[in-house]
Every structure is written in structure tokens, then in C-alpha cells.
Protein chains: 2
Amino acid sequence: MSEAKRRYTIKDIAEQSAVSLSTVSLVLNGNTRISAATRDRVHATMKRLGYQPNRMARALAWKHTRTLAVVMPQLRHAFADVYFGEIISGIYDKASKLGFKVLLEIARAEFIESREYIRLYDQKYIDGMLFIGANNKHKFIADFADKTRPFLLVNSYSKQHDVNYVVSNYKYGAWQAAQHLLRLGHQRVGFIGGGLNEIQTSQDICESFNEVIQPRLTVDGWLTEEGGMKAAAEIVTADPSITAIFALNDKMALGAIRKLTEMGRRVPADLAVVGFDDIPQASYSIPSLTTVHQPLYEIGKQSCERLIELIHKKVERVQEVLPIYLTVRESCGAKRPAPQAA
Amino acid sequence: MSEAKRRYTIKDIAEQSAVSLSTVSLVLNGNTRISAATRDRVHATMKRLGYQPNRMARALAWKHTRTLAVVMPQLRHAFADVYFGEIISGIYDKASKLGFKVLLEIARAEFIESREYIRLYDQKYIDGMLFIGANNKHKFIADFADKTRPFLLVNSYSKQHDVNYVVSNYKYGAWQAAQHLLRLGHQRVGFIGGGLNEIQTSQDICESFNEVIQPRLTVDGWLTEEGGMKAAAEIVTADPSITAIFALNDKMALGAIRKLTEMGRRVPADLAVVGFDDIPQASYSIPSLTTVHQPLYEIGKQSCERLIELIHKKVERVQEVLPIYLTVRESCGAKRPAPQAA
DNA sequence: CTGAAAGCGCTTACAG
DNA sequence: CTGAAAGCGCTTACAG
């Protein structure tokens with residue numbers, strides 16, 4: 001009381017405004033049945049005293065907290081990826097706008113084993129949860145299939161478990177990329193994959209691409225730039241007749257370009273390269289990268305908005321697929337004179 | 001009650017264990033004055049009912065929340081940097097271990113202007129705050145100079161405002177790098193800077209380096225790889241006699257290596273390059289990068305631990321400087337035959 | 001249009 | 001070793 005300067009409470013405001021606790025609470029919550037006069041009076045004294053309502057008390061009375069958790073996978077350097085950054089940025093902005101706070105969680109072993117992902121709800125710590133970067137190995141997702149707790153997969157989805165999601169149209173994106181390559185006259189193409197066994201959306205890209213062009217060779221590039229370099233070298237060495245390489249993400253595509261350049265192959269003159277994601281580097285690499293653009297920030301925003309609708313029971317389930325489009329730049333050679341038919 | 005399956009409360013546990021509310025609360029908090037027998041009985045029924053204490057209620061009674069905010073600067077693609085990822089990882093792990101939750105905030109204009117950074121405390125939402133990536137422009141830091149609220153700068157510090165911090169020894173790191181170059185016989189070196197006007201630690205590196213070697217040329221590389229490329233080109237063009245380049249961070253150093261290689265200069269045979277930070281790419285670039293290693297994960301852990309001490313009033317202020325060391329790899333040429341004296 | 005009272009689910013002196 | 005009671009700071013029917 002003496003040292004730790006006591007914070008004002010609703011009671012102080014009531015006294016100093018000469019109204020009851022209820023009235024203060026009512027104006028705090030913007031209830032319109034309070035007269036403008038007393039409303040203003042109360043606001044004035046709140047301002048004068050610098051009053052801030054105690055969120056824990058409100059949460060307790062409200063039975064909800066207005067905070068949601070965003071959980072990221074346990075990836076070393078996971079944050080090092082624009083991918084997560086953009087999505088989280090979108091989530092944060094939308095959450096802030098809607099008055100929600102964002103709790104950060106990492107899906108480490110302990111988080112899963114202790115069922116912390118459920119306890120957060122049960123302890124009334126969060127109202128909902130967003131999970132970025134899900135893959136087949138995240139079995140705990142099954143616990144959300146009953147739709148009992150607001151939960152949503154961000155830019156991924158599950159075939160095994162019926163849970164909510166917002167995902168971009170990977171299949172259509174891959175289809176566009178393949179069609180583009182085909183139109184450019186490429187028949188012999190190498191495919192650099194990654195996460196094909198764990199990640200549903202990777203599988204989707206692969207499947208969809210295959211429907212348009214059957215790759216001569218599919219090599220795993222581990223989703224990294226280094227992996228892309230290795231894979232590219234392996235592909236052109238194994239089959240020198242290949243005229244184009246498609247990589248499942250930009251990091252690998254960029255690695256491929258780098259490696260091919262080192263090997264003396266010109267991109268796109270000798271080989272076309274197309275990526276997926278459209279990370280910032282894609283536009284300022286040399287040559288700039290033709291790639292499928294993912295609206296990551298938008299995905300984050302949408303996911304957050306839908307989750308909050310789930311929380312407010314405005315919707316019961318969400319299965320949303322966002323549009324996605326090919327961005328043609330230099331690395332595919334579309335802008336050079338039309339290639340000879342094979 | 002019927003549809004929304006009611007969660008159990010302390011009252012249910014008390015009834016089903018045939019004890020009072022106080023007793024349940026006491027065992028919940030591990031109070032030792034409860035007999036082992038009743039303790040076990042209570043535990044059993046908690047387990048049987050899957051009871052989880054309501055965190056908001058506890059926070060309200062406790063008057064603290066066991067959650068801390070980590071705020072990141074408003075950088076486009078901020079998360080795209082391992083820098084932040086590693087630090088946050090360290091913070092998260094330590095926080096979890098100590099029973100704290102992590103709230104994520106981004107220092108956008110609105111966050112500052114609405115004084116949300118203060119409201120979070122006043123609303124009793126958080127117990128403390130960690131700020132990563134502070135620079136001179138973050139004037140709001142001044143509001144923490146009175147040490148009234150637990151607050152700590154992570155891997156940065158301020159000369160203008162007296163606030164708590166945990167920072168790595170940038171000066172000593174830069175000193176080591178310069179000494180190393182000097183020992184290798186380099187007298188004519190180019191310096192690639194970044195944030196020299198805004199970031200205190202950048203200034204420190206610059207100053208400290210200058211005390212050992214006076215660079216022939218200092219060029220701003222904007223802390224990015226592209227900037228590093230430009231800067232490197234500018235340096236070697238302006239002064240062809242330069243034998244080494246030091247960059248304030250690895251991204252720029254890596255960009256420099258790339259550019260120099262493109263220009264036909266061999267690193268380290270023709271020019272030595274040294275960076276700062278030791279990001280993952282530093283070890284697998286070609287040539288691998290000699291750089292000053294920053295223990296980012298450790299810094300995150302320490303920061304979090306110190307903040308929690310601040311919260312518990314075990315310490316009153318923290319000004320901690322963590323050791324840092326040069327990691328010698330290929331790009332400095334230390335491993336080639338000793339260079340001729342200039 | 002406003003207030004008194006019960007309730008949200010815990011914790012913590014204080015008694016015994 | 002255990003319990004009754006007051007309190008944490010709000011919200012929300014329910015009266016008037």
C-alpha cells in the first residue's frame with residue numbers, strides 16, 4: 001500500500017464519480033443504457049486516475065480471456081523462415097484489431113506429452129489455438145477432431161483428422177506452375193521435393209504437378225537451400241536432357257539456381273527453374289525467380305479471423321482454401337524468345 | 001450446464017474428497033502442512049476428474065499472472081532472422097521451465113502510441129517484459145528507466161536511458177576480430193557497417209574495431225546480404241589495395257563474399273572477409289565464414305531468467321554482459337600460409 | 001436510467 | 001493438521 005503504489009479499481013472510480021460499481025462496469029463495457037452525462041463523468045474520472053481494468057478479473061467474470069495461442073512446430077531455426085514471420089504478422093495484426101492477445105507456444109515434446117495444448121483451454125488461459133506448420137507426425141491434432149475447442153490449422157490441413165483449417169490452394173498453384181512450364185515447351189523436367197512423406201501440402205503439390213507433367217526425376221531437397229543445390233546437381237547429372245527444374249519451395253529453387261550457375265549452366269537459357277512460395281529473395285535473385293505466390297500475411301489474418309468466429313460460435317467449422325497464383329519472372333525463360341518445341 | 005460440459009472447480013474436488021476448499025487449495029499449492037493422506041486423496045480425485053485450476057482465478061488472487069511479454073521491433077520480415085528465432089527459443093524454454101507463459105507483441109506504432117506497453121502491466125496481464133532489438137529510435141524505453149516495472153532489453157542496451165539489459169560483449173568481439181586480422185598482416189581493411197546511427201551495439205563494434213585498425217573505408221551495407229554485396233563492390237573499386245573486409249553482421253559478410261566471388265576475387269586468397277554473429281549459414285558457405293559467435297539462445301535464456309528475478313525482486317537491476325568469441329574458419333585465410341607483410 | 005447483490009474460481013490470513 | 005470467511009476486481013441478472 002505504501003511502497004507498491006496501489007492501482008485503482010472499479011471501486012475507486014465509482015466513489016470518485018459518485019455512482020455505483022455496476023454503473024462503472026456498465027460504462028466500461030460500453031453499455032448504452034447509461035446516460036451520456038454519467039457516462040462522460042465516469043470516463044473523465046477513469047482518465048484522470050489513469051484507470052486500467054484488471055484483465056484477469058474480467059476474464060474470470062467473463063469466462064473467456066481474449067487471448068489465443070499460436071503454436072509453432074519444433075523446428076531448429078523455425079523462426080528463421082519468412083514463412084512463419086509473415087503468417088504470425090498477419091495473425092498478430094488481426095488479433096490486435098479484434099482485441100485479442102497472442103500467446104506464443106512451441107510444440108516441443110513436453111508441450112505435447114503433458115497435453116499442455118489441452119490444459120491451456122482447461123485452465124481458461126486461452127480461448128482458441130492456431131497451429132502453424134502441421135505435418136503427419138503431429139498426432140495430437142486428433143484431439144481437436146471433436147471440435148470441442150476452437151482450433152485451426154494455418155496453411156496446412158489433415159486428411160487423417162477432421163480439424164478446421166485455412167490453407168492456400170497448393171494444388172492449383174502447382175497446376176499453374178506445371179502448365180506454365182508445359183506451355184513453354186518443357187517436357188523433360190526434374191522435380192525437387194521436400195517433406196513428401198510428412199507434409200500434406202507437399203504431397204498435394206507433387207500430385208498436382210504430376211498430373212500435368214510427369215517428372216523424369218524426383219529428388220529430395222529437404223526444403224533447404226543447400227538441399228536444393230545438391231538436388232539440382234544430382235538431377236542435371238543424372239539426366240542431362242532435362243530442360244527445366246521445379247522446386248517445391250523457393251529456398252530449394254534458389255539453391256538450384258545457385259548450383260546450376262556454379263556448374264556453368266545458364267538459367268533460364270539452358271534450364272528453366274520455377275519455385276513455390278514467393279519469398280522476398282525470389283524477386284531480387286539473379287535471375288529473379290518465377291514462383292507461385294502465397295499470400296502468407298493474408299493467410300495469417302484469415303486464420304485468426306476464422307478462429308475468432310469459431311470462438312464466438314459464429315461458425316461451426318472452417319475449411320477455407322485461399323487463392324494462389326503464379327508470378328512469372330525471369331528464371332522460367334518466359335520472357336526470352338519462345339523455345340523450340342522439344 | 002447441459003451442453004457446455006461444465007469444468008470442475010476446486011469446490012467439486014473439495015466435495016468429492018470430503019475436505020474443505022482451503023485444503024484443496026493448499027494441496028494445489030504444494031503446502032506441506034497438509035497430511036500426506038489427505039494430500040494423496042485430493043490428488044487422486046483431481047486426477048480422476050481431470051481437474052485443472054483456473055489460471056485467471058489464481059492470477060486474480062495471486063496478483064500476478066506468470067506470463068511475460070516479449071516484444072519484437074516492427075521490422076518487415078523480422079522473424080525471418082535467425083537472430084530473433086534463436087533468442088525467442090531461449091526465452092521460451094527458460095520461461096516454460098520456470099512456469100511462465102510468453103505473450104508475443106510487435107512494437108508497431110499503435111503499440112507505442114496507445115502505451116500498450118504500460119497497459120499490459122497495469123491491466124495485470126503480464127508480470128514483466130522483454131524487448132528484443134531496441135535502437136535509439138525507441139524512445140518509449142525511457143518509460144522504464146524508473147525501474148518500477150520489470151523490464152529488460154535483450155542483447156542491446158541504451159546509453160540514453162537507464163534500463164536493465166543482458167547483452168553480449170560486442171566490443172570485445174569486434175576487438176578480437178580486428179586483432180585477428182591484424183595478426184594476419186592486414187593493415188588496409190574495408191568496413192561494412194549498418195545501423196551505425198541507430199543501434200548502440202553497432203556503434204560499439206565500430207568503435208572497438210577502429211581502436212585496433214583504422215579502416216580505409218566504411219560503407220553502409222544496411223545489414224542485408226544485398227547491401228553487403230553493394231558495399232563490397234564499392235570498397236574494392238574505391239580502393240583496390242584493400243586486403244580485408246570486416247562486416248558488422250554475417251548477412252553482409254556473406255553478401256560480400258558472394259559479390260567478390262562474382263567479381264573474380266578469391267576469398268580468402270585475394271581478400272579476407274570476417275563477419276559477426278555466426279548465423280548457421282556462416283559455417284556452410286563457401287568459403288566458410290570466420291565470424292564472431294553470439295550465443296543467441298543463451299542470451300534468450302539469461303534474459304528470461306534475469307527478468308524473472310526482477311519480477312520476484314531477487315535483484316533490483318541487471319546489467320549483464322555475456323562473453324563472445326571469434327570463430328576462425330576459412331574466409332579470413334588464417335589457415336593458408338602466412339601472408340606477406342604489407 | 002441506476003444500484004444492491006450474487007457470482008466468477010481461486011488464495012490467504014486467522015482460528016481452532 | 002484442517003476449516004470458515006474475507007478478499008482478489010470485475011460482470012450480470014434482477015429490481016426498482
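Each chain gets a letter, A, B and so on, in the order its sequence line appears, and its residues count up from 1. The basis for the numbers below is simple: all heavy atoms, side chains too, and nothing from hydrogens, waters or symmetry mates.
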Practice task
Measure the spacing between CG of B:L21 and CG of B:L26 and express it to the nearest 0.5 Å.
Solution key: 11.5 Å
Problem - Pairs where residues 56-73 of chain B contributes a residue and the test side-chain hydrogen bond (donor to acceptor under 3.5 Å, both in side chains) is met, not counting sequence neighbours - result: B:N29-B:R58, B:T65-B:D127
Practice task
List in chain and number order the residues that pass side chain to side chain donor-acceptor pair (under 3.5 Å) with B:Y92, two or more places apart in sequence or in another chain; answer none if no residue qualifies.
Solution key: A:E105
Practice task
Return no unless some side-chain N or O of B:K11 is found under 4.0 Å from OP1 or OP2 of C:dC8.
Solution key: no
Problem - From SG (B:C304) to CG (B:L152), nearest 0.5 Å - result: 9.5 Å
Practice task
Sorted by first residue and then second, give each ring pair (Phe, Tyr, Trp, His ring centres under 6.0 Å) pair with at least one member in residues 96-117 of chain A; sequence neighbours left out.
Solution key: A:Y117-A:F140, A:Y117-A:F144
Practice task
Just jot down the side chain to side chain donor-acceptor pair (under 3.5 Å) partners of B:Q160, sequence neighbours excluded, or say none.
Solution key: none
Handout entry: For A:E110, all residues meeting salt bridge (charged side-chain N to carboxylate O under 4.0 Å, His left out), sequence neighbours excluded
Key = none
Fill in the blank from the handout: Residues at least two apart in sequence or cross-chain that pass side chain to side chain donor-acceptor pair (under 3.5 Å) with A:R115, listed by chain then number, are A:D143
Exercise for the section: When you get a sec, tell me which of D:dG9, D:dG3, D:dC1 is the closest nucleotide to the side chain of B:T23? Expected result: D:dG3
Handout entry: Partners passing side chain to side chain donor-acceptor pair (under 3.5 Å) against B:T23 (at least two apart in sequence or in another chain)
Key = B:S20
Completion exercise
Atom CG of B:L60 and atom P of C:dG9 are separated, to the nearest Å, by 12 Å
Problem - A:R41 CZ to C:dC1 P, straight-line distance once rounded to whole Å - result: 14 Å
Problem - side-chain hydrogen bond (donor to acceptor under 3.5 Å, both in side chains) contacts in which one or both residues fall within residues 41-54 of chain B, not counting sequence neighbours - result: A:Q123-B:Q52, B:Q16-B:R48, B:S17-B:T45
Fill in the blank from the handout: When rounded to whole Å, the CD to P distance for the pair A:E15 and C:dG3 reads 13 Å
Handout entry: Which residues share a side chain to side chain contact (heavy atoms under 4.5 Å, CB included) with B:K137, sequence neighbours left out
Key = B:N135, B:E198
Exercise for the section: Provide, to the nearest angstrom, the distance between the CG atom belonging to B:D12 and the C1' atom belonging to C:dC8. Expected result: 14 Å
Problem - Secondary-structure notation, DNA chain C, from Watson-Crick and G-U pairs under 3.5 angstrom (| other strand) - result: |||.||||||||.|||
Exercise for the section: Starting at atom CZ of B:R39, determine the distance to atom P of D:dG3, rounded to an integer number of angstrom. Expected result: 16 Å
Practice task
Ignoring backbone atoms, test whether A:S20 places a side-chain nitrogen or oxygen under 4.0 Å from the OP1 or OP2 oxygen of C:dG3.
Solution key: yes
Exercise for the section: May I have the distance from A:K63 (atom NZ) to C:dG7 (atom P), rounded to whole angstrom? Expected result: 12 Å
Fill in the blank from the handout: Residues of residues 46-54 of chain B with a heavy atom under 4.0 Å from any atom of DNA chain C, listed by number, are B:Y51, B:Q52, B:P53, B:N54
Fill in the blank from the handout: From OH of B:Y125 across to C1' of D:dG9 the rounded distance in Å is 16 Å
Practice task
Answer yes or no: is there an ion pair linking A:R108 with A:E116, defined by an N-O contact shorter than 4.0 Å?
Solution key: no
Completion exercise
Residue pair B:A18/A:M56 against DNA chain D: nearer the 5' end by closest nucleotide is B:A18
Short heteroatom pairs, N/O only, protein and nucleotides 11-13 of chain D, under 3.5 Å:
{"from": "D:dT11", "atom 1": "OP1", "to": "A:N29", "atom 2": "OD1", "distance (Å)": "3.3"}
{"from": "D:dT11", "atom 1": "OP1", "to": "A:N29", "atom 2": "ND2", "distance (Å)": "3.0"}
{"from": "D:dT11", "atom 1": "OP1", "to": "A:R58", "atom 2": "NE", "distance (Å)": "2.8"}
{"from": "D:dT11", "atom 1": "OP1", "to": "A:R58", "atom 2": "NH2", "distance (Å)": "3.1"}
{"from": "D:dT11", "atom 1": "OP2", "to": "A:S25", "atom 2": "OG", "distance (Å)": "2.4"}
{"from": "D:dT11", "atom 1": "OP2", "to": "A:N29", "atom 2": "ND2", "distance (Å)": "3.3"}

Problem - Nucleotide C:dG7, atom P - distance to NZ of A:K124 in whole Å - result: 19 Å
